[in-house]
Amino acid sequence: YDNVRLIAKKFGTLTAVSSELSEDAAVAIGDELAREIAYAFAEKEDQCAFNGDGSSTYNGIVGLKNALAAGSKYTALAGNTAFSTLDIEDFMGLMATVQSYAFMNGGPSWYISRAGYSQSIQRLQMAAGGNTVSDIVSGGQPAFLGYPVVFTEVMNATLTAQTSTNGLCYFGNLRMAGMMGDRRGIAIAQSDAPYFTSDQLAIRATERFDINIHDKGTSSVSGAVAVLATPAS
């Protein structure tokens, strides 16, 4: 066991709503705001978990891209500097980097953007013998090499060549690599003070959470999650 510390950090949204809209469509605008606020918080949580660099943008949270040690990084073969040039060997090498304990407790998954998936994993699946188009595009949970694929839109989606770039794809067990703590649910309040002169209501939503990537690996050995990077050329 490790001692893992989580310090709840406050995140918030602020939305201006006209008094007329509040009077004429209170229920409809309430439903719409609830969806958008939930989406905004979910996106921010993903940004912190995957791209956090410890800066104020992420409230001090360090995500996978910046937390994982050198031993948890696998570099693609020379010349494979774009999603469209990644080979099956690159993904198999990434799998082999992850420690065996990551295959317990729910098992590992692939984490990649939809754009990156289409240009790399899906391209390789379409080209592989024994697959049919219906096998690949029939819907449901996508899988690759026997493990589920999870789309994360905050991740790298650049389709042109990118040398020495970290964070194209992750493979591993996030349950073992990190921990997220939610201090409380979303709290919503409203006031007419901030936008009094424009006759608008201010809708404020806040939540408190923290993310700690604690199983980072070392300079030579990976942890429960490994990241795919492109070579220098």
Steps toward side-chain contact (heavy atoms from CB on, under 4.5 Å) verdict (Ile29, Asp31):
CA-CA 5 Å; Ile29 194 62; Asp31 289 343; over 6 Å; no

side-chain contact (heavy atoms from CB on, under 4.5 Å), that's the test. Do Val227 and Leu64 meet it? Break it down for me.
CA-CA 8 Å; Val227 59; Leu64 284 168; over 6 Å; no

The test is side-chain contact (heavy atoms from CB on, under 4.5 Å); show your working for Phe171 and Leu228 and say whether it passes.
CA-CA 8 Å; Phe171 179 77; Leu228 181 63; over 6 Å; no

Can Lys44 and Thr57 be said to form a side-chain contact (heavy atoms from CB on, under 4.5 Å), step by step?
CA-CA 10 Å; Lys44 194 64 177 183; Thr57 301; 4.0 Å; yes

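Under the 4.5 Å side-chain criterion, counting only non-hydrogen atoms from C-beta, Gln99 is in contact with Val221. At a threshold of 4.5 Å between non-hydrogen side-chain atoms, the residues Met179 and Leu6 count as touching. Using a 4.5 Å heavy-atom threshold, the side chains of Arg183 and Phe209 count as separate. The closest side-chain heavy-atom distance from Ile213 to Val62 is not below 4.5 Å. At a threshold of 4.5 Å between non-hydrogen side-chain atoms, the residues Phe83 and Gln162 count as touching. Proximity of Pro142 to Trp110: side-chain heavy atoms (C-beta onward) are nowhere separated by under 4.5 Å. Asn51 is listed as a side-chain neighbour of Val154, based on a closest heavy-atom distance under 4.5 Å. Annotation: side chain of Phe11 is not in contact with side chain of Ile186 (no heavy-atom distance under 4.5 Å).
Hydrophobic cluster membership for Tyr195: Leu14 (Ile, Leu, Val, Met, Phe, Trp, Tyr linked by side-chain heavy atoms under 4.5 Å, directly or transitively). Clustering of Ile, Leu, Val, Met, Phe, Trp and Tyr by side-chain heavy atoms under 4.5 Å joins Phe196 with none of the others.
Proximity of a side-chain donor or acceptor of Ser109 to a complementary backbone N or O of Val150 within less than 3.5 Å is not detected. Looking only at distances, a side-chain donor or acceptor of Asp215 sits under 3.5 Å from a matching main-chain atom of Ala224. Side-chain N or O atoms of Gln141 include one that pairs as donor or acceptor with a backbone N or O of Val149 at under 3.5 Å. A distance-only check finds no donor-acceptor pair linking the side chain of Thr81 to the backbone of Ala161 [under 3.5 Å]. Side chain of Arg123 to backbone of Ser84: a donor-acceptor contact under 3.5 angstrom is found. Checking side-chain atoms of Thr158 against main-chain N and O of Thr160 turns up no donor-acceptor pair under 3.5 Å. Checking side-chain atoms of Asp210 against main-chain N and O of Ala8 turns up no donor-acceptor pair under 3.5 Å. Thr230 places a side-chain N or O within donor-acceptor distance of the main-chain N or O of Ser164, the cut-off being under 3.5 Å. The backbone N or O of Gly93 lies less than 3.5 Å from a partner atom in the side chain of Thr97, making a donor-acceptor pair. Remark: the backbone N or O of Asn59 is not paired with any side-chain donor or acceptor of Ser56 at under 3.5 angstrom.
Following chains of ILVMFWY side-chain contacts shorter than 4.5 Å, one can reach Ile61 starting from Leu174, so the two form part of one hydrophobic cluster. Met155 is not connected to Leu94 by any chain of hydrophobic side-chain contacts under 4.5 Å among Ile, Leu, Val, Met, Phe, Trp and Tyr, and they are in different clusters. When hydrophobic clusters are built by joining Ile, Leu, Val, Met, Phe, Trp and Tyr residues whose side-chain heavy atoms come closer than 4.5 Å, directly or via intermediates, Phe144 is not grouped with Val225. Clustering ILVMFWY residues whenever any of their side-chain heavy atoms sit less than 4.5 angstrom apart, transitively, puts Met95 in the very cluster that holds Val98.
Atoms CD1 and CZ, on Ile7 and Arg208 in that order, are 11.0 Å from each other to the nearest 0.5 Å. With rounding to the nearest 0.5 Å, the separation of OG1 in Thr85 from CD in Gln119 is 10.0 Å. Here the OH atom belonging to Tyr39 is positioned 4.5 Å from the CD atom belonging to Glu43, to the nearest 0.5 angstrom. A distance of 9.5 Å separates OG1 of Thr197 from CG of Asp199, quoted to the nearest 0.5 Å. Distance check: Ser22 OG to Gln200 CD gives 11.5 Å after rounding to the nearest 0.5 Å. A distance of 6.0 Å separates CG in Leu86 from CG in Leu168, rounded to the nearest 0.5 Å.
In Arg184, the CZ atom is crowded: over 12 heavy atoms of neighbouring residues, nucleotides or ligands sit closer than 6.0 Å.
The two residues Gly79 and Pro231 have their closest heavy-atom pair at N-CG, 4.0 Å. Counting all heavy atoms, side chain and backbone alike, Ile37 lies closest to Thr13 at CG1-OG1, 3.9 Å. The minimum heavy-atom distance between Ala205 and Ile188, with the atom names listed, is CB-CG1, 4.0 Å. A pairwise comparison of heavy atoms in Asn156 and Ser113 identifies O-OG, 2.7 Å as the closest pair. Nearest heavy atoms, Ala115 versus Leu159: O-CD2, 3.7 Å. The shortest non-hydrogen separation linking Asp182 to Glu207 is OD1-OE1, 4.0 Å.
Of the residues listed (Tyr111, Tyr170, Phe103), the one engaging Tyr147 in a ring pair (Phe, Tyr, Trp, His ring centres under 6.0 Å) is Phe103, and it is the only one.
Neither side chain, Asn173 nor Asn105, offers a donor N or O lying under 3.5 Å from an acceptor on the other. Remark: the Asp90 side chain and the Asn80 side chain contain an N/O donor-acceptor pair separated by less than 3.5 Å. No side-chain donor from either of Asp46 and Thr152 sits under 3.5 Å from a side-chain acceptor of the other.
By the 6.0 Å and 45° rule, Lys9 does not stack over the aromatic ring of Tyr58.
Judged as a salt bridge (Lys or Arg N to Asp or Glu O under 4.0 Å), and not counting sequence neighbours, the contacts of Arg114 are Glu153.
Between Phe151 and Tyr117, the distance separating the two ring centers is shorter than 6.0 angstrom.
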